[in-house]
Structure formats: C-alpha cells, structure tokens
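Before any comments, here is the structure.
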Amino acid sequence: MKKKRLWMRSAILFVMIAAIGYTFFNHFSEERGLVDAGDPAPNFVLEDLEGEPIELSELRGEGVYLNFWATYCTYCRSKMGYLQEHYEEYEDKGVRVVNVNVDETTLQVERHKQRFNLAYDLYIDRNMLVSNAYGVGVLPSVFLIDEHGDVVERQVGGKTEEQVLAALDSLVPAQ
C-alpha cells in the first residue's frame, strides 16, 4: 500500500513540475511571437496623442520600424532616446518609426513624451489589440517591416545604439 501511494504521489509531482515548467517556458520565451520574419505584417490603425490616425497599409513603399514600448521599461527608454536622435534622418531616407505604447493611459504617455523631450509621434495600443496580433510578450519588441509590408526581422529586448541604427539602415528602401 505504501509503495502504491509513493508511486501515485511521485506521478502527481512529476505532472505538476512538467506543467509549471511548460508554463514558465511559454511565458518567458522570446520565441512566442505570432508574427516573425517572412510573414506579412498585420495591418492596424492607431491614433497618436492628438487623435491623428496612422494605418500600416498606408506606409507601403517605406520601411517601418515598429517599436512596442512602455513608460516603465528601461530598455524602451534607451531605445527611444536613440530614435529621437535619428528619426528625422531616417524619415528623409524613407523609413518611418512607429512607436506603439502598450495600453498605458494617455496621461502617462504624454508625461513621458514631455519628460524625455520626444519630438516624434507616439501611438497607444488600447486594449493591446495590435500587440496581441503581433504576439508581443516582452518589451521592447520591434518588427522591421520592409517597403512591401513584410516582416524582415523581429527583435526582442534591449539594443545598443549601433544595433538600432543597423536595423534602421536595413529598412531604407531600394531606390
């Protein structure tokens, strides 16, 4: 009787450990995105802080640096500083930087924009509809979208200024 109980408890413990391991792996894995390199970029419409809409499909012909971020994300703030310094230069080259906040309040995003003196447009993904469509699970997450509307690369986590500039360079449309 004791051996049977030991086997039963061991089996239950094994199943619980496997379930917890699977949950942690899926929750914290960088590879859980729904959209990846080679996929067409899902279209979306978002509004900036002034209520002006942007639709991804209208940016065809331009490279798009689609940056998902939040005000509490340290790596996001660093990346946005790099983008602040270079976004105009890359807009002139045909690359649009689209910064999508993941469902924070308008007040939080406006204060962030003022605090860090950001000159470019910020968009808020209400109810995380766009973030969920792209499978964003870790911030910052960036999708490099070519002029044809296809995802060239998905980047997750913090990046150096050199890495951000290399990504922007890769999006300059062929003339």
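The basis for the numbers below is simple: all heavy atoms, side chains too, and nothing from hydrogens, waters or symmetry mates. Predicted, not measured: the structure shown is a model, and the values here were computed from it.
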Heavy-atom closest pair, residues [X] and [Y]:
{"X": "Asp146", "Y": "Leu171", "value": "N-CD2, 4.4 Å"}
{"X": "Leu139", "Y": "Ala70", "value": "CD1-CB, 3.6 Å"}
{"X": "Pro42", "Y": "Ala133", "value": "CG-O, 4.4 Å"}

Are any of the side-chain heavy atoms of [X] and [Y] separated by less than 4.5 Å?
{"X": "Leu56", "Y": "Ile145", "value": "yes"}
{"X": "Val95", "Y": "Glu62", "value": "no"}
{"X": "Tyr72", "Y": "Glu104", "value": "yes"}
{"X": "Arg96", "Y": "Ile54", "value": "yes"}
{"X": "Ile12", "Y": "Arg9", "value": "no"}
{"X": "Gln163", "Y": "Gln155", "value": "no"}
{"X": "Asn132", "Y": "Asp125", "value": "no"}

* With a distance cut-off below 6.0 Å to the six-membered ring centre and an angular limit of 45° from the axis, does Lys93 pair with Tyr90 as a cation-pi contact? ->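 That pair qualifies as a cation-pi contact.
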
* List the steps, then state whether side-chain contact (heavy atoms from CB on, under 4.5 Å) holds for Thr106 with Arg126. => CA-CA 10 Å; Thr106 302; Arg126 302 280 179 220; 2.4 Å; yes

* side chain to side chain contact (heavy atoms under 4.5 Å, CB included), paired with Asn101, selected from Asn67, Leu49, Leu46, Val109 ->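 The single option meeting the side chain to side chain contact (heavy atoms under 4.5 Å, CB included) with Asn101 is Val109.
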
Donor-acceptor contacts under 3.5 Å from residues 111-120 side chains, at least two apart:
from: Lys113; atom 1: NZ; to: Tyr120; atom 2: O; distance (Å): 3.2
from: Tyr120; atom 1: OH; to: Met80; atom 2: O; distance (Å): 2.9

* To do: Give the cluster check for Val102 versus Tyr123: same hydrophobic cluster or not, with ILVMFWY residues linked at side-chain heavy-atom distances below 4.5 Å.
  =>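 As far as the 4.5 Å side-chain criterion goes, Tyr123 and Val102 are connected within one cluster.
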
* To do: Could you list the residues that satisfy ring-ring contact (aromatic ring centres under 6.0 Å, His included) with Tyr65, not counting sequence neighbours?
  =>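 Once residues adjacent in sequence are excluded, Tyr65 has no partner under the ring-ring contact (aromatic ring centres under 6.0 Å, His included) criterion.
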
* To do: Report the relative orientation of the aromatic rings in Tyr134 and Phe68; use parallel for angles under 30°, tilted for 30 to 60°, perpendicular for over 60°.
  =>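 Geometry flag for Phe68 against Tyr134: tilted rings.
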
* Where do Arg154 and Val156 land on the side-chain contact (heavy atoms from CB on, under 4.5 Å) test, with the steps shown first? -> CA-CA 7 Å; Arg154 177 173 53 95; Val156 178; 3.7 Å; yes

* From Asn99 atom CG to Leu122 atom CG, the distance as rounded to the nearest 0.5 Å ->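 CG of Leu122 is found 6.0 Å from CG of Asn99.
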
